[in-house]
Amino acid sequence: MNKTLHILNGGATLEIFKQTAIEGDTLTWNEVLAQGPITEQNFWETRQNYICETYNVSPASYNSQVLQEIEKLKQLKQYKDVILWFEFDVVCQINLICVLDLISKNLHPTLKIWLICPDKFEGIKNFRGLGQLNAVQFSSLYYTKELLNKSDLKVASKVWDAFIKQDIKFLSMLDTEEFARLHFLKPALKAYTDLFLKKDDFNLIETFFLNLKQKGITDQTEMIRLFWEEYPVYGFTDLYLAEFINNLSV
């Protein structure tokens with residue numbers, strides 16, 4: 001049993017992966033759990049309804065692109081290694097703890113779990129993520145993989161449990177030292193919990209866009225570009241950010 005499963009953080013990463021000579025099976029993570037509703041009960045049904053309604057995705061597509069991919073995690077016994085390719089932002093880090101929680105429920109004794117999670121890449125200014133890389137650059141990251149252990153999985157499961165309960169107070173008080181090899185989880189959680197702090201009934205994102213409007217900047221594309229310059233840590237979709245702008249106009 002020498003097989004490797006690569007868990008990729010989205011379709012764009014999958015396309016780059018296909019251009020490399022890296023061997024192994026793939027699982028593509030196509031959810032954005034940091035956006036939209038979270039419920040303890042009927043979790044995936046809630047997520048499917050949100051994604052389908054918000055992004056005009058059919059239930060059949062959600063099933064094939066999300067749920068069937070996740071089902072691959074029930075087949076971990078056929079793999080020796082799992083390599084996770086994720087990014088430093090809020091969206092990726094929340095997705096990552098969900099994946100690690102699911103992996104922890106399907107572990108076998110000899111399975112090794114590795115994490116590749118860059119926050120910068122030499123020669124690329126304003127690095128945003130894996131989708132900016134070419135096949136050669138992407139392949140070079142393979143040698144930066146870091147081995148995770150059971151302690152990392154326990155931390156991920158603890159954080160994931162608090163996340164699905166939306167226990168914002170708990171998430172905001174977690175000690176950085178607990179995260180060990182999950183280097184970017186703490187700053188991502190801080191950025192996420194900061195969104196629940198209100199100033200004049202507006203959160204951080206709403207306040208940012210309101211300030212732009214007060215400066216006379218109203219072009220939506222420009223507003224989103226400026227947001228990314230200021231807050232690359234979030235990783236939200238442009239469509240999600242556009243909702244904030246549109247709601248401010250109502």
Ignoring hydrogens, what is the shortest heavy-atom contact between T26 and K72? Give both atom names and the distance.
O-NZ, 2.9 Å
Running the 4.5 Å side-chain criterion over Ile, Leu, Val, Met, Phe, Trp and Tyr, what cluster does L197 land in, apart from itself?
none
L8 reachable from V99 in the ILVMFWY side-chain graph, under 4.5 Å edges:
no
Nearest-0.5 Å distance that lies between atom CD1 in I103 and atom CG in N106
8.5 Å
So CG of N42 and CD of Q48: to nearest 0.5 Å the spacing works out to 11.5 Å
N/O donor-acceptor pair under 3.5 Å between N247 side chain and E243 backbone
yes
Counting only N and O atoms by type, is there a donor-acceptor contact under 3.5 Å from the side chain of D152 to the main-chain atoms of L148?
no
Any side-chain heavy atom of N203 sitting closer than 4.5 Å to one from F244?
yes
Report the residue from F202, Y231, F227 that forms a ring pair (Phe, Tyr, Trp, His ring centres under 6.0 Å) with F209.
F227
Enclosure of E122 CD (heavy-atom neighbours >12, cutoff 6.0 Å)
no
Where is the tightest heavy-atom contact between I217 and E222, given as atom of each residue plus distance?
CG2-CG, 4.0 Å
With a 6.0 Å cut-off (strictly less than), is the heavy-atom count around CD of E23, excluding the residue itself, greater than 12?
no
Q132 side-chain N/O to R128 backbone N/O, donor-acceptor pair under 3.5 Å
yes
Determine whether I38 and I168 fall in the same hydrophobic cluster, where Ile, Leu, Val, Met, Phe, Trp and Tyr are linked whenever their side-chain heavy atoms lie under 4.5 Å apart.
yes
Given side chain to side chain contact (heavy atoms under 4.5 Å, CB included), test L189 with S172 step by step and report yes or no.
CA-CA 7 Å; L189 289 177; S172 64; over 6 Å; no
Within the 4.5 Å heavy-atom criterion, are I124 and Q137 side-chain neighbours or not?
yes
Could you tell me whether a side-chain N or O of H108 sits under 3.5 Å from a main-chain N or O of K80, the two making a donor and an acceptor?
no
Go through it in stages, so that I can follow the logic: the residues are Y50 and E45, the test is side-chain hydrogen bond (donor to acceptor under 3.5 Å, both in side chains), and I'd like the CA-CA distance, side-chain angles, deciding distance and then a yes or no.
CA-CA 9 Å; Y50 168 73; E45 181 180 344; over 6 Å; no
Looking only at atom types and distance, does a side-chain atom of R47 sit under 3.5 Å from a main-chain N or O of P37, one as donor and one as acceptor?
yes
Is the number of heavy atoms from other residues, nucleotides or ligands under 6.0 Å of D201 CG greater than 12?
no
With rounding to the nearest 0.5 Å, note down the distance linking CG in L27 to CD in Q68.
11.5 Å
Excluding sequence neighbours, so at least two apart, what forms side chain to side chain contact (heavy atoms under 4.5 Å, CB included) with E15?
K18
Distance-only, no hydrogens or angles: does the D101 side chain make a donor-acceptor pair with backbone N or O of A156 under 3.5 Å?
no
What one should report as the nearest heavy-atom pair of A191 and V90 is CB-CG2, 3.7 Å
Any chance you could measure K112, atom NZ, to T4, atom OG1, to the nearest 0.5 Å?
10.5 Å
So, Y240 versus T54: side-chain donor-acceptor pair below 3.5 Å or not?
no
Side chains of N9 and T13: any donor to acceptor distance under 3.5 Å?
yes
If we only count heavy atoms from C-beta on, is the L182 to L100 side-chain gap below 4.5 Å?
yes
Pairwise side-chain contact, K145 with L115, heavy-atom cut-off 4.5 Å (strictly under):
no
So does N56 have more than 12 non-hydrogen atoms from other groups sitting under 6.0 Å from CG?
no
I need the I245 CD1 to L212 CG distance, nearest 0.5 Å.
8.0 Å
With sequence neighbours excluded, what pairs up with S61 under the side chain to side chain donor-acceptor pair (under 3.5 Å) test?
S58
Which ring-ring contact (aromatic ring centres under 6.0 Å, His included) pairs, counting each pair once, include a residue from residues 10-35, with sequence neighbours left out?
H6-F17
Do you know the tightest heavy-atom contact between A162 and F170?
CB-CD2, 3.3 Å
So CD of Q214 and OG1 of T207: to nearest 0.5 Å the spacing works out to 9.5 Å
Is there a donor-acceptor pair closer than 3.5 Å between any side-chain N or O of Y62 and the backbone N or O of I51?
no
Can you see which heavy atom on I97 is nearest to which on V159, and at what distance?
CD1-CG1, 3.5 Å
Is E69 close to E31 at the side-chain level, that is, under 4.5 Å between some pair of heavy atoms?
no
Indicate whether any N or O donor in one side chain lies under 3.5 Å from an N or O acceptor in the other, for Q220 and N246.
yes
Please determine whether side chain to side chain contact (heavy atoms under 4.5 Å, CB included) holds for the pair D25 and Y79, giving the CA-CA distance in whole Å, both sets of side-chain angles, and the decisive distance to 0.1 Å.
CA-CA 9 Å; D25 298 336; Y79 296 104; 2.8 Å; yes
Evaluation steps, side-chain hydrogen bond (donor to acceptor under 3.5 Å, both in side chains), between D238 and W228:
CA-CA 10 Å; D238 287 355; W228 286 131; 3.0 Å; yes
L96 and L84 have their tightest heavy-atom pair at CD1-CD2, 3.9 Å
Does some side-chain heavy atom of L73 sit less than 4.5 Å from a side-chain heavy atom of V82?
no
Could you tell me whether the side chain of K105 reaches within less than 4.5 Å of the side chain of K74, counting heavy atoms only?
no
Would you mind reporting whether L239 and Y55 have side-chain heavy atoms less than 4.5 Å apart?
yes
Check for a donor-acceptor pair, side chain of S157 on one end and backbone N or O of K154 on the other, with a separation under 3.5 Å.
no
Quick one: ring-ring contact (aromatic ring centres under 6.0 Å, His included) pairs with a partner in residues 109-167, sequence neighbours left out?
F43-W160, W85-F138, W160-F163, F163-Y192
Ring pair (Phe, Tyr, Trp, His ring centres under 6.0 Å) partners for F86, two or more places apart
none
